[in-house]
Protein chains: 2
Amino acid sequence: MTSAELESVTGCSSHTIRRDISYLGGDFSSGAGYGVAALRKAIETALGLDRRRKCCIVGLGRLGSALLNFSGFAEEGFDLVAGFDASVNRVEILSSTVPLYPNYKLSEVIGRLGIEIALLCVPAAVAQTATEKLINARIKGIVNFAPTALVVPAGISVQDVYVVDELRALAAKLSSAESLQ
Amino acid sequence: MTSAELESVTGCSSHTIRRDISYLGGDFSSGAGYGVAALRKAIETALGLDRRRKCCIVGLGRLGSALLNFSGFAEEGFDLVAGFDASVNRVEILSSTVPLYPNYKLSEVIGRLGIEIALLCVPAAVAQTATEKLINARIKGIVNFAPTALVVPAGISVQDVYVVDELRALAAKLSSAESLQ
DNA sequence: TTTTGTGAAGCGCTTCACAGCT
DNA sequence: AGCTGTGAAGCGCTTCACAAAA
């Protein structure tokens with residue numbers, strides 16, 4: 001794939017594509033474009049995505065169980081190895097290929113399985129409490145789907161996912177398009 | 001709120017905060033900090049977020065119905081006015097304060113209500129087809145939750161939300177932290 | 001000839017430093 | 001005294017232009 005083709009796929013200029021790839025240091029031969037597989041591997045290595053990480057879902061409501069059923073994690077290097085919910089009943093009722101546990105086993109399971117990342121899908125009202133339990137369990141990173149800003153100590157990474165922010169970004173694009181008539 | 005306080009809340013430097021706010025042109029008096037309400041209004045005006053937009057959810061599976069139950073859209077200027085699903089049965093069973101419709105009414109309802117934004121929550125396999133129906137219905141923007149790249153004509157904005165990207169961003173942060181010991 | 005890789009220039013965001021306002 | 005607003009400098013990403021490689 002040539003840098004011009006990558007430009008049309010990604011929207012980034014071919015200049016930027018070429019310079020960025022050159023920083024990866026993978027040896028791509030001039031004349032032909034880039035090999036997609038080799039390129040992907042080089043990017044993964046550069047970003048430190050070249051090893052698998054274990055994940056869990058905390059909160060098995062509609063969002064949590066939607067994620068539980070998503071089958072695309074494994075092929076991207078993320079192993080979904082546990083789901084947790086406060087309701088023992090829900091844990092027993094939900095059928096899943098991923099083992100489910102009641103909340104009181106959270107710390108034990110995270111420690112035993114070596115889970116590094118939690119997908120936090122609990123209601124906003126209990127998100128901070130759940131976060132603190134995760135931190136006590138030595139979680140390393142949290143993808144936060146709760147519409148609340150989490151308070152975490154330095155050394156813990158949080159990645160917020162908030163629909164309203166996406167809507168705002170979209171609305172801002174629409175407005176700027178509208179203002180050019 | 002002073003620029004120093006905003007720095008500690010947002011992580012952006014007070015220098016950047018002050019310069020960015022100065023571009024907004026809202027007249028904030030030196031000496032005291034910024035009024036939060038006035039600041040918010042100035043940002044909304046600058047980004048074109050100072051009017052309401054109507055939204056709909058397409059696909060009422062677990063993710064779609066999770067969004068349907070989220071009550072935070074209205075206070076941010078987004079009116080969720082319709083939900084659509086291919087299954088007439090599901091449309092009838094789900095209880096919601098938002099009116100639900102079977103898919104074949106999509107174009108009519110979007111036109112009649114003046115819906116501008118769709119939250120696309122259908123399975124990946126039918127995402128492109130659904131997108132084309134939305135475009136025929138003159139939708140302006142799509143928040144895409146399906147794990148697929150949508151092909152859209154120029155003039156339609158798409159905002160992708162993909163969990164794996166969030167996991168990758170988190171894993172990259174963890175790796176770079178690990179590499180400093 | 002096509003396409004990469006890279007010095008050099010361009011450009012914009014960030015930071016510094018401080019005048020000016022309250 | 002404290003904080004904002006802003007020229008000026010700094011810094012890094014982007015783009016240009018072209019030599020080197022296949």
Side-chain angles (χ1 to χ4, degrees), chain A residues 1-50 149 154 157-160 165-166 168-177 179-180, chain B residues 1-50 149 154 157-160 165-166 168-177 179-180:
Chain A
M1 213 172 195
T2 68
S3 57
E5 291 172 318
L6 286 165
E7 170 169 350
S8 73
V9 172
T10 62
C12 303
S13 81
S14 63
H15 303 112
T16 297
I17 297 269
R18 288 207 301 281
R19 188 167 305 267
D20 285 358
I21 292 178
S22 79
Y23 290 147
L24 298 176
D27 81 289
F28 301 98
S29 44
S30 311
Y34 302 94
V36 173
L39 187 51
R40 183 179 170 124
K41 187 158 295 180
I43 293 172
E44 284 174 350
T45 303
L47 294 180
L49 300 177
D50 50 354
S157 300
V158 175
Q159 198 75 18
D160 288 298
D165 280 344
E166 308 296 331
R168 287 201 265 239
L170 205 48
K173 281 190 210 168
L174 297 186
S175 290
S176 92
S179 68
L180 324 161
Chain B
M1 212 172 197
T2 68
S3 58
E5 291 171 318
L6 287 165
E7 169 169 350
S8 73
V9 172
T10 62
C12 303
S13 82
S14 64
H15 303 111
T16 296
I17 298 268
R18 285 207 303 280
R19 189 168 303 267
D20 285 359
I21 291 178
S22 79
Y23 291 146
L24 298 176
D27 80 289
F28 301 98
S29 44
S30 313
Y34 303 93
V36 173
L39 187 51
R40 185 180 168 123
K41 188 159 295 179
I43 293 172
E44 285 174 349
T45 303
L47 294 182
L49 301 177
D50 50 355
S157 300
V158 175
Q159 197 74 20
D160 288 299
D165 280 344
E166 307 297 329
R168 288 200 263 238
L170 204 48
K173 281 190 211 169
L174 298 185
S175 291
S176 92
S179 67
L180 324 161

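Proteins come first, then strands; the chains are lettered A, B, ... in the order of their sequence lines, and each starts at number 1.
- Partners of Thr45(A) under the side chain to side chain donor-acceptor pair (under 3.5 Å) rule, at least two apart in sequence or in another chain, do not exist in this structure.
- Of the inter-residue distances, the one linking Ser8(B) atom OG with Leu6(B) atom CG reads 8.0 Å to the nearest 0.5 angstrom.
- Extent of DNA chain D lying under 4.0 Å from chain A heavy atoms, first and last nucleotide in 5' to 3' order, is dT14(D) to dA22(D).
- In this structure, the separation between CG on Leu49(A) and OG on Ser175(B) is 6.5 Å, given to the nearest 0.5 Å.
- The list of salt bridge (charged side-chain N to carboxylate O under 4.0 Å, His left out) pairs with a residue in residues 28-49 of chain A, not counting sequence neighbours, reads Arg40(A)-Glu44(A), Arg40(A)-Glu76(A).
- Not counting sequence neighbours, Asp50(A) has no partner by the side chain to side chain donor-acceptor pair (under 3.5 Å) test.
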Between protein and nucleotides 3-6 of chain C, what N or O pairs are separated by less than 3.5 Å?
from, atom 1, to, atom 2, distance (Å)
dT3(C), O4', Gly31(A), O, 2.8
dT3(C), O2, Gly31(A), N, 3.4
dT4(C), OP1, Ser3(A), N, 2.8
dT4(C), OP2, Ser3(A), OG, 2.7
dG5(C), OP1, Phe28(A), O, 2.9
dG5(C), OP2, Tyr34(A), OH, 2.9
dG5(C), N7, Arg18(A), NE, 3.0
dG5(C), O6, Arg18(A), NH2, 3.0

Residues 16-28 of chain A side chain polar contacts: donor-acceptor under 3.5 Å, at least two apart:
from, atom 1, to, atom 2, distance (Å)
Thr16(A), OG1, Ser13(A), OG, 3.2
Arg18(A), NH1, Ser3(A), OG, 3.3
Ser22(A), OG, Arg19(A), O, 2.6

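- Lys173(A) places no side-chain N or O within 3.5 Å of a backbone atom of Arg168(A) that could act as its donor or acceptor partner.
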